[in-house]
Number of protein chains: 2
Amino acid sequence: MGRTLLPMSPAQQSSARRPYHHGDLRRAILTAALDVIAADGPSALSLRDLARRAGVSHAAPAHHFKDRTGLLTAIAAEGFGLLATAVIEASDLRDAGVRYVRFAREHPAHFQVMFTPELLRTGDLELTTARALAGDALSGAVAALRPEGLGIDTRLAGVAAWSLAHGFATLLLGHNLDGPIGDKDPEEVFRTLATTLFRGEPTSRP
Amino acid sequence: MGRTLLPMSPAQQSSARRPYHHGDLRRAILTAALDVIAADGPSALSLRDLARRAGVSHAAPAHHFKDRTGLLTAIAAEGFGLLATAVIEASDLRDAGVRYVRFAREHPAHFQVMFTPELLRTGDLELTTARALAGDALSGAVAALRPEGLGIDTRLAGVAAWSLAHGFATLLLGHNLDGPIGDKDPEEVFRTLATTLFRGEPTSRP
DNA sequence: CGGCAATCTTGTCGTTGTCAAGTTGGAGTT
DNA sequence: AACTCCAACTTGACAACGACAAGATTGCCG
């Protein structure tokens with residue numbers, strides 16, 4: 001593990017085993033961090049361990065991320081960016097929800113860090129803008145529900161939809177739905193769920 | 001802060017300033033831990049800091065909780081117990097959801113730890129039984145929806161309800177709903193939400 | 001009154017995050 | 001082609017932490 005030996009980008013430069021400049025240390029640290037977090041959560045993250053994996057000295061990561069919080073903030077910002085691009089091209093609200101759940105499954109580390117505010121640098125510019133972008137994408141999906149004639153007001157519908165998707169995704173990542181949904185495809189289960197709840201079909205009939 | 005000087009339970013024993021035995025160190029550590037977690041999250045938790053707050057030596061907490069994971073596991077177990085008693089006396093599914101949200105607001109530290117599995121000792125007996133108890137309480141509320149005639153099967157309805165409540169609670173604690181719901185009472189908002197979605201009133205009308 | 005087990009202390013080790021100061025190398029300028 | 005400068009990385013140090021081991025204290029039960 002650790003350093004790759006494959007042919008690399010020009011930035012990787014020159015010759016041999018241990019170049020002084022890593023080439024793309026920032027990306028390497030990020031990738032390693034995502035692995036660790038996906039496996040054992042953010043609390044298992046150690047800058048020194050990441051440095052070891054990348055084959056650099058223990059203080060190298062600090063140059064790219066300032067500190068632990070900086071690294072996690074960068075991950076969250078990247079996550080919101082990815083989420084925004086995933087949701088922006090949704091065909092409707094239900095599809096946006098499905099994409100939300102899919103994002104959480106495909107990027108569990110990002111997802112977890114994004115929604116753990118005490119790990120992040122409040123007010124970081126990149127984070128704030130990326131989050132706003134994702135927020136806009138979600139709002140767009142909600143607004144497209146129906147231009148007029150909503151049963152409940154748009155803001156409430158947004159909260160409802162977000163809660164449903166976020167709760168499903170969170171419980172899924174925490175393995176709390178392993179029992180209830182078994183080996184069924186989670187995204188398909190969610191689609192069914194969302195369809196039933198938002199189409200107005202009653203869950204019970206007197 | 002730190003040690004209290006008020007009259008205490010008999011266990012507090014004898015005379016003066018610094019009794020060798022604390023009296024109820026276990027509870028004191030737990031309470032301090034909940035304060036820290038509610039304020040700055042589980043990653044800000046330090047056993048040595050808790051010991052300092054309780055006025056005991058740095059290794060004292062270990063005797064009650066074995067290690068950091070043990071402390072967090074105890075918190076999670078306590079949380080599932082509290083959740084179970086809160087949900088067990090719900091009048092119906094909607095009320096159970098409201099109680100779920102209320103629990104998250106009144107016990108944010110418990111809630112956060114309960115659903116962060118990588119911080120917990122998997123297979124701990126107290127935790128497992130408490131979790132099962134809470135699970136039963138929730139299942140009971142779902143089963144009481146309607147004995148028969150559900151629009152979707154019971155298991156799905158349970159997942160939907162849990163997702164909605166859990167998502168709402170999680171987003172709430174992360175201050176992600178501060179904008180959308182403003183200063184409105186969160187539990188009331190959730191009640192409205194749940195009523196609309198589960199009563200079968202459509203969110204949109206052609 | 002004696003001992004025993006629970007509770008808490010003291011001391012230590014390896015690891016971590018963070019800061020400060022130094023080193024390397026490549027890209028651009030002249 | 002030599003020079004310079006700056007970003008990228010290293011080395012070294014320090015305080016704080018979790019964990020463990022071994023010892024001290026105390027209340028309790030016989």
Side-chain angles (χ1 to χ4, degrees), chain A residues 2-3 8-30 32-33 36-37 40-75 113 118-121, chain B residues 2-3 8-30 32-33 36-37 40-75 113 118-121:
Chain A
R3 255 157 54 269
M8 318 222 87
S9 70
Q12 172 65 18
Q13 66 105 207
S14 74
S15 51
R17 289 300 163 125
R18 190 69 88 101
Y20 195 93
H21 289 67
H22 178 281
D24 194 3
L25 182 57
R26 185 184 156 91
R27 188 69 249 166
I29 298 278
L30 277 172
V36 171
I37 295 172
D40 300 322
S43 58
L45 202 70
S46 152
L47 291 181
R48 290 176 109 107
D49 177 53
L50 297 178
R52 252 174 263 130
R53 292 180 188 227
V56 295
S57 77
H58 68 255
H63 191 267
H64 292 273
F65 301 102
K66 166 75 177 170
D67 56 12
R68 227 182 91 101
T69 303
L71 170 57
L72 290 163
T73 302
I75 289 176
V113 173
E118 61 268 13
L119 297 177
L120 308 178
R121 183 112 51 215
Chain B
R3 255 156 55 270
M8 315 224 87
S9 71
Q12 173 65 18
Q13 65 109 205
S14 74
S15 53
R17 289 303 166 121
R18 189 69 88 100
Y20 195 94
H21 288 68
H22 177 280
D24 196 2
L25 182 57
R26 184 185 156 91
R27 179 61 7 225
I29 298 277
L30 278 172
V36 172
I37 295 172
D40 301 321
S43 58
L45 202 69
S46 150
L47 291 181
R48 290 175 107 106
D49 177 51
L50 297 178
R52 251 174 264 130
R53 291 180 187 229
V56 295
S57 77
H58 66 252
H63 190 268
H64 291 273
F65 302 103
K66 166 76 178 171
D67 56 12
R68 227 182 90 102
T69 303
L71 170 57
L72 291 163
T73 303
I75 290 176
V113 173
E118 61 269 13
L119 297 178
L120 309 177
R121 183 113 49 214

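Protein chains get the first letters and strands the later ones, always in sequence-line order, with residue 1 at the start of each. Bear in mind the structure is a predicted one, so any value in this text is a computation, not a measurement.
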Restricting to side chain to side chain contact (heavy atoms under 4.5 Å, CB included), what partner residues turn up for [X], sequence neighbours left out?
X      : value
H64(A) : L25(A), R26(A)
A62(A) : none
R48(A) : S46(A), R52(A), H58(A)

_If the condition is salt bridge (charged side-chain N to carboxylate O under 4.0 Å, His left out), which residues does R121(A) pass it with, not counting sequence neighbours?_
D67(A)
*Return the value, rounded to whole Å, for the distance between atom CZ of F65(A) and atom P of dT18(C).*
13 Å
*Could you tell me the separation between the NE2 atom of H63(A) and the P atom of dT18(C), rounded to a whole number of Å?*
16 Å
_With D40(B) via side chain to side chain donor-acceptor pair (under 3.5 Å) - residues at least two apart_ = none
*asked:* Base contacts versus sugar-phosphate-only contacts with protein, heavy atoms under 4.0 Å: please encode nucleotides 11-21 of chain D as B, S and - from 5' to 3'.
replied: BBB---BBBB-
